[in-house]
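These numbers were taken from a predicted model, which means no experiment stands behind them. Quick note on labels: first sequence line is chain A, next is B, and so on, each numbered from 1.
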Protein chains: 2
Amino acid sequence: MKKQQILSQQVCFPIYAFAKEIINQYRPLLDAIELTYPQYLVMLVLWEFESQTVNQLGEKLKLDSGTLTPLLKRMESKLLVTRTRSSSDERIVNIALTQNGKALQIKAANVPAQLIEAMNVTVEELQELKNIISKISNKNNKK
Amino acid sequence: MKKQQILSQQVCFPIYAFAKEIINQYRPLLDAIELTYPQYLVMLVLWEFESQTVNQLGEKLKLDSGTLTPLLKRMESKLLVTRTRSSSDERIVNIALTQNGKALQIKAANVPAQLIEAMNVTVEELQELKNIISKISNKNNKK
DNA sequence: AACAATTAAATTGTGTGCAATTTATTTAAC
DNA sequence: GTTAAATAAATTGCACACAATTTAATTGTT
């Protein structure tokens, strides 16, 4: 058997497992404000930019309309965002925060600190991880 | 606005996005042998251990029966594995490789190298990433 | 201006991923 | 020895994630 075909030798499996682990650590924190992790990411973008097209959200979050459309409809039904077709270009759908959505930012303020606490890591360790990932992924984005 | 509530400040988002990116890089390679990434992970375990219970697979891959049962049924229908209830303990289902499943190992032999190539990374970079992740996640497993 | 090409979302279909519950079996306690 | 507790899979239900296609609107070409 090739050494590379052994699970413990896999370099990608730990990343896959760790990403799931992070989302699982977020879950109880986000349950408290009735958001899923992808929905929380959408909120982060909207808290920063107020209004975004589906495309803009997709670029920032690396998600396509097949994922975003139903996700945003769920967020709309929770009264967190509005979905409005642009009048200047009817193909574009603008996603904007409602008052509810804006208000949620305060309730979510301590989520980042709680996560660090729950994961039992230091910000420095996560930063180190982030640095390596950006070093690796930037190589391909430049193409 | 709190600095921690800005997407670009998030330390977990890059890991989430990178994990998806890896799976997307695997996709065309695994399409060629008609496996999804989680199915490929199951195959890696079985190539190494020949036979595993659903529980053992779940522990190694960090997946529960709600995920594994339908996944393994799909693999069974592709004639890659057999699912057999243990005679000594009828609660346990043993997953074993078929001849087809064993044979697939040869076709999958160059997947790891192809992935490294496709991602345009060095093994050293991925190893560095793996080291940091194991440093972080081991802290919690010890509890 | 008419029509092709492009673009933005939505839709369809398949496959995870996980919480919560259920079913069946085995083990433990009395 | 019978009932309770524990265990292993399976089931149910919901929410992504993404490929492929479709629909609708806009832009570019002639």
Without decimals, in angstroms, what is the distance between [X] [atom1] and [N] [atom2]?
| X | N | atom1 | atom2 | value |
| --- | --- | --- | --- | --- |
| B:L35 | C:dT14 | CG | P | 18 Å |
| A:Y40 | D:dA15 | OH | C1' | 19 Å |
| B:R91 | C:dT23 | CZ | C1' | 12 Å |
| A:Q25 | C:dC18 | CD | P | 12 Å |
| A:I22 | C:dC18 | CD1 | P | 13 Å |
| B:L68 | C:dT16 | CG | P | 10 Å |
| B:E90 | C:dT27 | CD | P | 12 Å |
| B:L72 | C:dG17 | CG | C1' | 14 Å |

[N] phosphate, OP1 or OP2: any side-chain N/O from [X] under 4.0 angstrom?
| X | N | value |
| --- | --- | --- |
| B:K73 | C:dT14 | no |
| B:R83 | D:dA9 | no |
| B:N55 | D:dT7 | no |

Does [X] have more than 12 heavy atoms from other residues, nucleotides or ligands lying within 6.0 Å of its [atom1]?
| X | atom1 | value |
| --- | --- | --- |
| B:E90 | CD | yes |
| A:E34 | CD | no |
| A:E76 | CD | yes |

**Asked** Can a donor-acceptor pair under 3.5 Å be found between the side-chain atoms of B:S65 and the base atoms of D:dA10?
**Response** yes

For nucleotides 16-19 of chain D, print each protein N/O atom paired with a nucleotide N/O atom at under 3.5 Å, atom names and distance only.
| from | atom 1 | to | atom 2 | distance (Å) |
| --- | --- | --- | --- | --- |
| D:dC16 | OP1 | A:T36 | OG1 | 2.6 |
| D:dC16 | OP2 | A:Q39 | NE2 | 2.8 |
| D:dC16 | OP2 | A:R74 | NE | 2.8 |
| D:dC16 | OP2 | A:R74 | NH2 | 3.0 |
| D:dC16 | O5' | A:R74 | NH2 | 2.9 |
| D:dA17 | OP1 | B:Y16 | OH | 3.3 |
| D:dA17 | OP2 | B:Y16 | OH | 2.7 |
| D:dC18 | OP1 | B:N24 | ND2 | 3.1 |
| D:dC18 | N4 | A:G66 | O | 3.4 |

**Prompt:** Is B:K60 paired with B:E48 through a side-chain N to carboxylate O contact shorter than 4.0 Å?
**Reply:** no

**Message:** So does A:N131 get a backbone contact from the side chain of A:S134, meaning a donor-acceptor N/O pair under 3.5 Å?
**Reply:** yes

**Prompt:** With distance as the sole test, does B:T53 use its side chain to make a donor-acceptor pair with the main-chain N or O of B:N94 at under 3.5 Å?
**Reply:** no

**Prompt:** What does B:S88 touch in the nucleic acid at a heavy-atom separation under 4.0 angstrom: a base, only the sugar-phosphate, or nothing?
**Reply:** sugar-phosphate

**Prompt:** Nearest to the side chain of B:D89, which nucleotide is it out of C:dT26, C:dA9, D:dA10?
**Reply:** C:dT26

**Asked** Looking at C:dA10, D:dA9, D:dA10, which one has an atom nearest to any side-chain atom of B:T53?
**Response** D:dA9

**Residue pair A:L41 / B:F13, side-chain heavy-atom distance below 4.5 Å** = yes

